[in-house]
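So that the names make sense, note that chain A is the first sequence line, chain B the second, and so on, each numbered from 1.
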Amino acid sequence: DQQVKQNSPSLSVQEGRISILNCDYTNSMFDYFLWYKKYPAEGPTFLISISSIKDKNEDGRFTVFLNKSAKHLSLHIVPSQPGDSAVYFCAASGMNSWGKLQFGAGTQVVVTP
Amino acid sequence: DVKVTQSSRYLVKRTGEKVFLECVQDMDHENMFWYRQDPGLGLRLIYFSYDVKMKEKGDIPEGYSVSREKKERFSLILESASTNQTSMYLCASSSASGQGMTEAFFGQGTRLTVV
């Protein structure tokens, strides 16, 4: 039973436009959320994170929003660039979890010229 | 820069073979993890370790074991490889945090094919 869900397996967006990736979770004990980016045949790389005490965190072109009441978070990428084409994974962890992460299934983003 | 290195990028093994996947990290991290990635399922935790010689089962430990004799090295062992263990295997490490608020750093992955 997946505790972190990414319901959109793929997303196509034009270069320069905004990409919005969504993630839902079911475990109310999660208090730290992360986004990873993964290119084929490479390991995931950390992108951005947010603690449950915040509702927004921004880092350059990337912004993560957290809605705790809805158990929903989203990643906004603006403007989207061709190099952003990758699989994006949402992940979550809880207190005293030794850093164990629960991952969603991933969203494949394709940025077209 | 944190570096997590997995010993092989690609492996092909026969059914029934014993398979060792090695992982080394150079950042003195306490926590180390083994995940597998399969299409449509994301990354699933196989085993993790929060200290030398300590190990805990993750969500899908069946058919696997691990070893952590040194802090920087975490090995995943497939006791008798089966075709359903064909997958991308990812090792990760992170620093200890009782509040879980720390990102994990991943290796480049090992694509294992069992024939």
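- By the 6.0 Å contact criterion, CZ on A:Arg17 is open, its count of non-hydrogen atoms from other residues, nucleotides or ligands being 12 or less.
- Two different hydrophobic clusters hold A:Val78 and A:Leu21 under the rule that ILVMFWY side chains link at heavy-atom gaps under 4.5 Å.
- Heavy atoms of A:Ala91 lying under 4.5 Å from chain B are absent altogether.
- Between chain B and the options A:Pro9, A:Ser51, A:Gly43, heavy-atom pairs under 4.5 Å are most frequent for A:Gly43.
- Residue A:Tyr36 touches chain B through its side chain alone, counting heavy-atom pairs closer than 4.5 Å.
- Proximity to chain A is limited to the side chain of B:Gln37, based on heavy atoms less than 4.5 angstrom apart.
- Looking at B:Asp38, there are no atoms closer than 4.5 Å to chain A (heavy atoms on both sides), in backbone or side chain.
- Most heavy-atom pairs under 4.5 Å with chain A, from the set B:Met88, B:Arg9, B:Glu30, B:Glu56: that is B:Arg9.
- When B:Ser94, B:Ala104, B:Pro39 are compared by the number of non-hydrogen pairs under 4.5 Å with chain A, B:Ala104 comes out ahead.
- Looking only at heavy-atom pairs under 4.5 Å with chain B, the residue among A:Ser49, A:Ala41, A:Gly106 that has the most is A:Ala41.
- At distances below 3.5 Å, at least one donor-acceptor pair connects side-chain atoms of B:Tyr35 with backbone N or O atoms of A:Leu101.
- One distance of note links OG of B:Ser75 with NZ of B:Lys55; it measures 11.0 Å at 0.5 Å rounding.
- Aromatic ring pairs are classed by plane angle as parallel below 30°, tilted from 30° to 60° and perpendicular above 60°; the pair A:Phe103 and A:Phe89 is perpendicular.
- For A:Gln102, the part lying near chain B is the side chain, with the backbone staying farther off; criterion is any non-hydrogen pair under 4.5 Å.
- With a threshold of 4.5 angstrom between heavy atoms, B:Arg44 does not approach chain A through any atom at all.
- In this structure a side-chain-to-backbone donor-acceptor pair under 3.5 Å is present from B:Ser49 to B:Met54.
- Heavy atoms closer than 4.5 Å to chain A are found in the backbone of B:Leu41, but not in its side chain.
- Using a 30° and 60° split on the angle between ring planes, B:Tyr50 and B:Phe48 fall in the tilted class, from 30° to 60°.
- Two rings, from B:Tyr47 and B:Phe33, have their centers 6.0 Å or more apart.
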